[in-house]
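In what follows, a single structure is set out as C-alpha cells and then discussed.
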Amino acid sequence: MNAAAQNPIRGISLKLISVAFFLVMQTCIKAAGPDVPAGQISFFRSTFAIIPIVIYLAYLRSLSSAFHTENLAGHFKRGLLGILSMICGFYGLTLLPLPEFIAIGYASPLMAVVFAALLLGETVRVYRWSAVLVGMTGVIIILWPKLTLLQQGGFSAGEGIGALAVLLAAVLGGLAMVQVRQLVVTEKTATIVLYFSLTGSLLSALSLPFDWEWLDMKQTILLISCGIAGGIAQILLTESYRHAEVSTIAPFEYSSILLGIAVSYVLFGDIPTITMLIGTTIVISAGIFIIFREHQLGLARKAARKASTPQG
C-alpha cells in the first residue's frame with residue numbers, strides 16, 4: 001500500500017458503514033419472515049447486489065476489464081462455496097435471533113485459519129491454533145443451549161437447527177475465504193466481486209423448483225433492498241481496505257454484534273442471553289488475537305524482506 005493510500009480514519013469509517021449496510025441486509029431478510037426459502041433469499045441477495053456493483057465499476061471505468069478473468073473455474077468454485085454458505089446462513093437467520101446469527105458467523109475466519117493450513121499449506125503456529133481452539137469453545141458455548149433444546153425437542157428446537165445451519169455456513173464461508181486467497185494471485189478485486197454476484201445469482205436460481213414462495217409487496221421490497229444493501233456493503237468493504245492495513249480494519253467487524261443486539265431488541269424484541277454474551281466475548285477475543293498475530297507476522301516478513309534487499 002502506497003503512502004497516498006494510507007488513511008486509517010477513512011478506512012475505519014468505510015468499514016463501519018459497510019457493517020451497517022450488512023446489518024441492513026440481514027434485518028431485511030429477518031423482517032421478510034421465516035417462510036421465504038433460503039434459496040429464494042439468496043437469489044435476491046445476489047441478483048440485486050449486481051446493480052450497485054455494476055454502477056460502481058462503471059463509475060471507475062473498469063466495468064469491461066472486470067469481466068476479464070484467467071481463472072473462470074476458480075470463480076465458479078468460489079461462487080458455489082459462497083452461495084451454499086449464503087443459503088445455510090440465511091436459513092439459520094430466519095430461525096435465530098439476529099445477534100446469535102452474527103455471533104456464530106464469527107466462526108468463519110477461525111475456520112479459514114484451519115483450512116488455510118490444511119489446504120494451502122500455510123504455516124500456523126501454536127499461538128493461532130490456540131486462538132482457534134479458544135474461539136471455537138466460545139462458539140460451542142453459544143450453540144450449547146440450542147443443541148440441548150434440539151435434543152429435547154423443546155420449543156426452541158427450530159433455533160437448534162438454525163444454529164447448526166449457521167455453523168455450517170461458517171465452515172463453508174471459511175472454505176470460500178481460502179478460495180478467494182487463491183484467486184487474488186491472478187484476479188482483481190472487482191473481478192472477484194462481480195463474478196461472485198453473477199455465479200451466486202445463477203446458482204441460487206436453480207432452487208426455483210424447490211417451493212419458492214409467492215411474495216407480497218412488502219417481502220419483495222425487503223428482499224430487493226437486502227440485495228442492494230449487500231452490494232453496497234461489498235463495495236464499501238472493498239474500499240475500506242484501500243485506505244488502511246487489514247489488521248487496522250478487521251477488528252471493527254465485531255462492531256456488528258453491538259449494532260445487531262440494538263436493532264434486534266428494538267425491531268424484534270430479542271434479548272441476548274448470558275451464554276450468548278459470554279460465548280461471543282470469547283469468540284471476539286480469539287478473533288482479535290488472530291488479527292494481532294497476523295499483524296505481527298506481517299511486520300516480521302516486511303523486516304525480513306528489507307534486511308535481504310541489497311543496499312545500493
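Because only heavy atoms are used, hydrogens play no part in the values below, and waters and symmetry mates are left out as well, while side chains stay in. Remember, predicted model here, so these are calculated numbers, not experimental data.
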Quiz item: Is Ser240 reaching over with its side chain to a backbone N or O of Leu237, donor-acceptor style, under 3.5 angstrom?
Solution: yes
Quiz item: Within the side chain of Trp212, is there an N or O that forms a donor-acceptor pair under 3.5 Å with the backbone of Pro37?
Solution: no
Quiz item: Does Ser256 have any side-chain hydrogen bond (donor to acceptor under 3.5 Å, both in side chains) partners at least two apart in sequence or in another chain, and if so, which?
Solution: Tyr106
Self-check item: Partners passing side-chain hydrogen bond (donor to acceptor under 3.5 Å, both in side chains) against Thr275 (at least two apart in sequence or in another chain)
Solution: Thr273
Heavy-atom closest contact ([X] atom, [Y] atom, distance):
X: Leu57; Y: Ala190; value: CD2-CB, 3.4 Å
X: Ala66; Y: Leu194; value: CB-CD2, 4.0 Å
X: Phe115; Y: Val171; value: CE1-O, 3.4 Å
X: Ser197; Y: Ile50; value: CB-CG1, 3.6 Å
X: Gly260; Y: Ile102; value: CA-CD1, 3.9 Å
X: Gly174; Y: Ser108; value: N-OG, 3.3 Å

Going by side chain to side chain donor-acceptor pair (under 3.5 Å), name the pairs with one or both residues in [range], residues two or more places apart or in two chains.
range: residues 64-74; value: Ser65-Lys188, Thr69-His75, Thr69-Glu187
range: residues 166-186; value: Glu122-Arg181
range: residues 47-60; value: Thr47-Ser201, Tyr56-Glu239

Practice problem: Could you label the plane-to-plane angle of the Tyr127 and Phe289 rings as parallel, tilted or perpendicular, counting under 30° as parallel and over 60° as perpendicular? | Solution: tilted
Quiz item: Should the pair Phe44 and Phe48 be assigned to parallel (<30°), tilted (30 to 60°) or perpendicular (>60°) ring geometry?
Solution: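 Phe44 and Phe48: parallel rings.
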Treating Ile, Leu, Val, Met, Phe, Trp and Tyr as nodes and any side-chain heavy-atom pair under 4.5 angstrom as an edge, say whether [X] and [Y] lie in one connected cluster.
X: Leu14; Y: Ile12; result: yes
X: Tyr254; Y: Val113; result: yes
X: Leu168; Y: Leu84; result: yes
X: Leu267; Y: Phe90; result: yes
X: Leu167; Y: Met177; result: no

Measuring from atom [atom1] of [X] to atom [atom2] of [Y], what distance do you get when rounded to the nearest 0.5 angstrom?
X: Ile282; Y: Ile141; atom1: CD1; atom2: CD1; value: 3.5 Å
X: Met276; Y: Ile271; atom1: CE; atom2: CD1; value: 12.5 Å
X: Tyr91; Y: Phe101; atom1: OH; atom2: CZ; value: 14.0 Å
X: Ile221; Y: Gln219; atom1: CD1; atom2: CD; value: 11.0 Å
X: Met86; Y: Ser204; atom1: CE; atom2: OG; value: 8.0 Å
X: Met111; Y: Ser85; atom1: CE; atom2: OG; value: 11.5 Å

Taking the side chain as every heavy atom from C-beta outward, state whether [X] and [Y] have any pair of such atoms under 4.5 Å apart.
X: Val114; Y: Trp129; value: yes
X: Thr94; Y: Val36; value: no
X: Pro97; Y: Phe268; value: no
X: Thr199; Y: Leu80; value: no
X: Thr281; Y: Ser285; value: yes
X: Leu203; Y: Leu206; value: yes
X: Pro52; Y: Ile235; value: yes
X: Leu215; Y: Gln40; value: yes

Quiz item: Testing Leu98, Val266, Asp270, Leu277 for side-chain contact (heavy atoms from CB on, under 4.5 Å) with Ile261, which one passes?
Solution: Leu277
Quick one: side chains of residues 16-33, donor-acceptor pairs under 3.5 Å with protein atoms, not counting sequence neighbours, listed by atom name and distance.
unit_1	atom_1	unit_2	atom_2	d
Ser18	OG	Lys15	O	2.6
Thr27	OG1	Leu23	O	2.7
Lys30	NZ	Leu93	O	3.0
Lys30	NZ	Leu96	O	2.3

Quiz item: Taking the six-membered ring of Phe196, is the NZ or CZ of Arg78 close enough (under 6.0 Å from the centre) and on axis enough (within 45°)?
Solution: yes
Quiz prompt | Criterion side chain to side chain contact (heavy atoms under 4.5 Å, CB included) on Leu81 and Val178, from CA distance to verdict | solution = CA-CA 10 Å; Leu81 289 168; Val178 171; over 6 Å; no
